[in-house]
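There's a structure below that I have some questions on.
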Amino acid sequence: MAQSRQPKYKKFLGFIYVGISAVLIYTLTISVFRVIERRQNYVSLSEKKAELEKEKAELAKTVELLSDEDYVVRYAREHYIFSKDGEEVVKLPESKE
């Protein structure tokens, strides 16, 4: 009876192929998770950038208004109760309505 036995190195090659496959699958999985994490980070940073650009536009508008002397005087009178010479300021309580 002739038995056909595989040489031992073929079994060893099978284990090597399985090991290499496992390492490649692990590396691929890690790479996929990194890509997903970076994509989420990119989305959150894009949203933050949009908010900061909006805030920058508002601040630029405020700077432009503050360069106008009439606006500064009116702002100071409304918020800090400044008065003109000879003028008396009376602050009335705010109504509840």
Side-chain angles (χ1 to χ4, degrees):
M1 241 191 321
Q3 280 186 338
S4 63
R5 289 186 52 172
Q6 290 182 342
K8 291 184 180 183
Y9 71 90
K10 286 193 176 185
K11 287 182 181 181
F12 186 66
L13 279 177
F15 287 122
I16 289 176
Y17 291 148
V18 169
I20 290 172
S21 298
V23 169
L24 291 175
I25 290 172
Y26 174 76
T27 305
L28 180 66
T29 304
I30 295 298
S31 297
V32 167
F33 282 122
R34 284 185 184 159
V35 167
I36 291 171
E37 180 183 354
R38 288 181 181 167
R39 186 174 293 153
Q40 290 172 345
N41 192 16
Y42 175 78
V43 169
S44 68
L45 289 175
S46 296
E47 291 172 357
K48 187 173 182 177
K49 179 184 175 189
E51 291 173 8
L52 290 174
E53 286 177 348
K54 183 179 177 183
E55 183 180 346
K56 180 181 175 184
E58 291 173 359
L59 289 173
K61 184 178 178 182
T62 303
V63 167
E64 184 179 321
L65 288 173
L66 289 174
S67 65
D68 181 19
E69 189 175 323
D70 293 333
Y71 175 79
V72 173
V73 170
R74 187 170 13 105
Y75 185 86
R77 290 183 67 155
E78 290 174 3
H79 292 89
Y80 299 111
I81 312 174
F82 285 154
S83 63
K84 294 181 183 177
D85 291 336
E87 182 180 57
E88 290 184 25
V89 177
V90 178
K91 186 170 183 177
L92 300 175
E94 295 182 18
S95 63
K96 293 182 181 179
E97 294 177 3

Please list every donor-acceptor pair under 3.5 Å in which a side-chain atom of residues 27-48 meets a protein atom from a residue at least two apart or in another chain.
{"residue": "Thr27", "atom": "OG1", "partner": "Val23", "partner atom": "O", "Å": "2.8"}
{"residue": "Thr29", "atom": "OG1", "partner": "Ile25", "partner atom": "O", "Å": "2.8"}
{"residue": "Ser31", "atom": "OG", "partner": "Thr27", "partner atom": "O", "Å": "3.0"}
{"residue": "Ser44", "atom": "OG", "partner": "Asn41", "partner atom": "O", "Å": "2.9"}
{"residue": "Ser46", "atom": "OG", "partner": "Tyr42", "partner atom": "O", "Å": "2.9"}

message = So, using side chain to side chain donor-acceptor pair (under 3.5 Å) as the criterion, who are the partners of Arg74 when residues are at least two apart?
response = none
request  = Would you name the heavy atoms of Val72 and Leu66 that are closest together and state the gap between them?
outcome  = CG2-O, 3.1 Å
query = Cluster question for you: counting only ILVMFWY and a side-chain heavy-atom cut-off of under 4.5 Å, with indirect links fine, are Val73 and Tyr75 together?
reply = no
task = Could you tell me which non-hydrogen atom of Leu65 sits nearest to which non-hydrogen atom of Tyr71, and how far apart they are?
result = O-CD2, 3.3 Å
Using a 3.5 Å cut-off and no angle test, enumerate the donor-acceptor pairs between side-chain atoms of residues 49-64 and protein atoms at least two apart in sequence or in another chain.
{"residue": "Thr62", "atom": "OG1", "partner": "Glu58", "partner atom": "O", "Å": "3.0"}

